[in-house]
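Following: one structure in structure tokens, then a few remarks.
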Amino acid sequence: MVKSSERREEILSVAETHMRAGGYDAISFRDIAAAIGIKSASVHYHFPQKADLGEAVVTRYAARVFAFLGRPDDPAETPELRLQRLCEVYAMALLEEQLNCLCCVLGAESRDLPDPVADAVSSFFTAMLEWTARALEGSHSLQPAHVISALQGAMVLATATKRPELFTEAAENLKQLLA
């Protein structure tokens with residue numbers, strides 16, 4: 001028997017994959033249930049509304065990204081190492097998982113998202129800008145908004161053109177600008 005917390009994680013994982021591939025409207029409780037082999041009522045048990053599910057997916061995704069990024073002010077690290085890790089989190093999504101950043105996808109449609117989901121996406125980007133500002137502190141050659149915009153935009157461009165090297169080149173250019 002699957003524990004409730006395990007089922008919840010399964011639901012979140014399937015929903016995240018669908019959302020990263022096709023946006024918020026790419027998820028339906030029925031499709032998620034079918035992918036897992038449960039009834040849609042079981043999805044509703046964990047997430048009464050689609051907005052509840054969307055917000056939970058974004059919150060879990062953000063926690064995972066920031067856990068990977070670690071402390072932006074670790075004195076044992078240089079700004080170059082922190083920028084490398086930031087580039088890696090995007091590269092893993094695009095090159096290994098072959099998916100876009102969840103908040104990149106949802107950010108593009110945030111005007112049409114339910115408020116809790118749009119707010120979670122906004123919080124992700126605010127936190128990402130703050131993390132980047134702290135990570136690059138003392139290095140005035142790059143602005144946080146420039147870094148995040150370049151990585152997000154390069155991800156979209158690489159996906160749209162089916163040319164992943166465009167992302168890799170953009171990430172390398174950012175690192176050279178910091179050096």
| side-chain hydrogen bond (donor to acceptor under 3.5 Å, both in side chains) contacts in which one or both residues fall within residues 148-160, not counting sequence neighbours | Tyr90-Gln152, Asn100-Thr159
| said: Can you pull out every side-chain hydrogen bond (donor to acceptor under 3.5 Å, both in side chains) where at least one residue sits in residues 45-70? Sequence neighbours excluded, please. | reply: Glu9-Arg60, Ser13-Arg60, Glu16-Arg60, Glu16-Arg64
What pairs with [X] under salt bridge (Lys or Arg N to Asp or Glu O under 4.0 Å), at least two apart in sequence or on another chain?
X: Asp73; answer: Arg71, Arg134
X: Glu97; answer: Arg20
X: Arg8; answer: none
X: Glu96; answer: none

| note | Minimal heavy-atom distance between Met155 and Cys101, with the atoms involved, is SD-N, 3.0 Å
| request: Using side chain to side chain contact (heavy atoms under 4.5 Å, CB included) as the criterion, list what pairs up with Ala91, not counting sequence neighbours. | output: Leu95, Phe167
| Partners of Thr161 by side chain to side chain contact (heavy atoms under 4.5 Å, CB included), sequence neighbours excluded? | Leu157, Arg163, Leu166
Same cluster or not: are [X] and [Y] linked, directly or through other Ile, Leu, Val, Met, Phe, Trp or Tyr residues, by side-chain heavy atoms under 4.5 angstrom apart?
X: Val105; Y: Val65; value: no
X: Phe125; Y: Val58; value: yes
X: Ile148; Y: Val156; value: no

List, one per line, each side-chain donor-acceptor pair under 3.5 Å for residues 79-89, sequence neighbours excluded.
residue	atom	partner	partner atom	Å
Glu80	OE1	Thr78	OG1	3.3
Arg82	NE	Pro72	O	3.1
Arg82	NH1	Ala135	O	2.9
Arg82	NH2	Asp74	O	2.5
Arg82	NH2	Glu77	O	2.9
Gln84	OE1	Lys175	NZ	2.8
Gln84	NE2	Glu88	OE2	3.0
Arg85	NE	Leu69	O	2.5
Arg85	NH1	Glu77	OE1	3.4
Arg85	NH1	Glu77	OE2	2.8
Arg85	NH2	Leu69	O	2.7
Arg85	NH2	Glu77	OE1	2.9

| said: What's the separation between atom CZ in Phe124 and atom CG in Leu129, rounded to the nearest 0.5 Å? | reply: 9.5 Å
Per-pair distances, 0.1 Å, donor-acceptor, side chain in residues 106-123, under 3.5 Å, sequence neighbours excluded:
residue	atom	partner	partner atom	Å
Glu109	OE2	Tyr24	N	2.6
Ser110	OG	Gly107	O	3.2
Ser123	OG	Asp119	O	3.0

Using a 3.5 Å cut-off and no angle test, enumerate the donor-acceptor pairs between side-chain atoms of residues 26-43 and protein atoms at least two apart in sequence or in another chain.
residue	atom	partner	partner atom	Å
Ser28	OG	Asp31	N	3.0
Ser28	OG	Asp31	OD2	3.1

| field | Evaluation steps, side chain to side chain contact (heavy atoms under 4.5 Å, CB included), between Leu12 and Phe47 | value | CA-CA 10 Å; Leu12 289 169; Phe47 305 98; 3.6 Å; yes
| Working for side chain to side chain contact (heavy atoms under 4.5 Å, CB included), residues Leu94 and Leu99 | CA-CA 5 Å; Leu94 180 67; Leu99 293 167; over 6 Å; no
| Heavy atoms, side chains only, cut-off 4.5 Å: are Pro144 and Leu136 in contact? | no
